[in-house]
Chemist: 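Pasting a structure here, questions to come.
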Protein chains: 2
Amino acid sequence: MNPLPDATDDHDAWVEFQQFLRRRGERITQPRRIILQRALQCRDHFRAEELAAALAQADRPVSRGTVYRTLGLLVEAGLLREIRDGDVHVHYEVTVGREHHEHMVCDRCGRFIEFSDADIAEQLDHACRKHNFHQRTHRIVIFGLCEKCAEKRGTGNPSPTGGG
Amino acid sequence: MNPLPDATDDHDAWVEFQQFLRRRGERITQPRRIILQRALQCRDHFRAEELAAALAQADRPVSRGTVYRTLGLLVEAGLLREIRDGDVHVHYEVTVGREHHEHMVCDRCGRFIEFSDADIAEQLDHACRKHNFHQRTHRIVIFGLCEKCAEKRGTGNPSPTGGG
DNA sequence: ATTACTGCAAAGCATTTGCAAATGC
DNA sequence: GCATTTGCAAATGCTTTGCAGTAAT
């Protein structure tokens, strides 16, 4: 939930979503447009609940139910990606206009670090061929400590949870 | 939830869990033993709710609350692994006595296919070094269609969701 | 004897859903 | 004009929690 001050490139995404809706015989509505625009303004991960809360008290409010329903559509349309790691609840991430990438999640500060590697993608393709599996997409998450938190650990700071 | 007819190798795991509990100054109890044994009998993924339901009506019943609490301990002890893909809710998988592996999840039938690849692990290590990230563990999931479901798709069967 | 653990049942919370009104086609 | 979508709020289902009794140390 870090809305950018300006969102000039949401037009393309909206056109793409319209095409998706038309293809599926579903309707192009104001709430759907509002939800997409707001989702695109989130530069990093966000939860449905956050977006719903933000839109409930927005200029042109949209209800919780509609937000949840529309996020599902946006995922199906390929404009958003579901993230199910590091938290019990689903997170979303904008994928439109971005290259596929993976994540490292810091156990300590919860920060997400993005990375991508063509070789890894190739290895996964290979594994799929071996198992006759037809890949649609994939997800890689590495858990551990980011550079800063590893340094803190090194200085002898106690773990945030590690009481005793 | 596929209990094996015989479970001869749960002794080692129980000893390991006991050691973990002692180290943490927690108590070795019957319910904890029962829960571990039952979890070990699940050859694939299971949900807390499933295990809780099974144990609630078991020979020596254990309550839901205790199951949830103990599963958390088992994860901390490293005997189970949390899985957060393919479903909103957490899945668990036995890790003790097994090598680390990754998953392919079928979009259609939900089946999990396990695979492992040393080269991929090496690539991930490399990526971590590049980002000064200290890996604790990682998780890879490939989404798509398994062999059988891909064949069904090929025969012209309509998609389960795709009305049109 | 002391203190943690369990069982129970109720609370908590994100998400889903039913239905009347509104909107898009 | 008709069917879909929305908004609202209540329901749902998994998970957590408080408290009194029980069991482990």
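As the structure is a computational prediction, the values presented were derived from the model and not from experiment.
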Chemist: With both distances under 3.5 angstrom, what nucleotide forms a Watson-Crick or G-U wobble pair with D:dA3?
Modeler: C:dT23
Chemist: Closest to the A:Arg27 side chain: D:dT15, C:dT23, C:dT6?
Modeler: C:dT23
Chemist: Let me have the donor-acceptor pairs involving side chains of residues 64-74 of chain B, under 3.5 Å, with sequence neighbours excluded, atom names and distances please.
Modeler:
from	atom 1	to	atom 2	distance (Å)
B:Thr66	OG1	B:Ser63	OG	3.2
B:Arg69	NE	B:Gly65	O	3.4
B:Thr70	OG1	B:Thr66	O	2.8

Chemist: Does A:Thr66 have a side-chain nitrogen or oxygen under 4.0 Å from the phosphate oxygens OP1 or OP2 of D:dT5?
Modeler: no
Chemist: Do A:Tyr92 and A:Leu51 share a hydrophobic cluster (ILVMFWY, side-chain heavy atoms under 4.5 Å, transitive)?
Modeler: yes
Chemist: When the distance from CZ of B:Phe17 to C1' of C:dC5 is rounded to whole Å, what number comes out?
Modeler: 12 Å
Chemist: Regarding A:Glu147 and B:His131, do their side chains bring together a donor and an acceptor under 3.5 Å, going by distance alone?
Modeler: no
Chemist: I need the CZ-P distance between A:Arg64 and C:dG18, as an integer number of Å.
Modeler: 18 Å
Chemist: Out of C:dT15, C:dC25, D:dA24, which has the shortest distance to the side chain of A:Ile28?
Modeler: C:dC25
Chemist: Between B:His45 and B:Phe112, does the ring centroid distance fall short of 6.0 Å?
Modeler: yes
Chemist: In whole Å, I'd like the distance from the CD atom of A:Glu26 to the P atom of D:dC2.
Modeler: 22 Å
Chemist: For the side chain of B:Glu49, starting at C-beta, report the closest nucleotide among D:dT15, C:dA14, C:dG7.
Modeler: D:dT15
Chemist: Looking at A:Thr29, does any N or O in its side chain come under 4.0 Å of the phosphate oxygens OP1/OP2 on D:dT6?
Modeler: yes
Chemist: Would you kindly compare B:Gly25 and B:Pro61 by the position of their nearest DNA chain C nucleotide and give the one closer to the 5′ end?
Modeler: B:Gly25
Chemist: At what distance, to the nearest 0.5 angstrom, does CG of A:Leu124 lie from CG of A:Asp117?
Modeler: 10.0 Å
Chemist: Any donor-acceptor pair under 3.5 Å joining the side chain of A:Arg47 to the base of C:dA14?
Modeler: no
Chemist: Hey, which of these two, B:Gln30 or A:Val62, hits DNA chain D nearer its 5' end, going by closest nucleotide?
Modeler: A:Val62
Chemist: I'd like to know whether the aromatic ring centres of B:Phe46 and B:His91 sit less than 6.0 Å apart in this structure.
Modeler: no
Chemist: Between C1' on D:dT5 and CG on A:Leu71, what's the gap in Å once rounded to a whole number?
Modeler: 16 Å
Chemist: So, OP1 or OP2 of C:dC5: does either fall under 4.0 Å of a side-chain N or O from B:Arg32?
Modeler: yes
Chemist: Using atom CD of B:Glu82 as one end and atom P of D:dC14 as the other, report the distance to the nearest whole Å.
Modeler: 17 Å
Chemist: Rounded to whole angstrom units, what separation is found between the CZ atom of A:Arg33 and the P atom of D:dT5?
Modeler: 18 Å
Chemist: Tell me the interatomic distance from B:Arg22, atom CZ, to D:dT25, atom P, rounded to whole angstroms.
Modeler: 7 Å
Chemist: What is the distance from CZ of B:Arg60 to P of D:dA23, rounded to the nearest Å?
Modeler: 12 Å
Chemist: Which of these nucleotides, C:dC25, D:dT15, C:dT3, is closest to any side-chain atom of B:Ala48?
Modeler: D:dT15
Chemist: Below the 4.0 Å mark, does C:dT15 have OP1 or OP2 next to a side-chain nitrogen or oxygen of A:Tyr68?
Modeler: yes
Chemist: Below 3.5 Å, does any donor atom in the side chain of B:Arg69 face an acceptor in the base of D:dT16, or the other way round?
Modeler: no
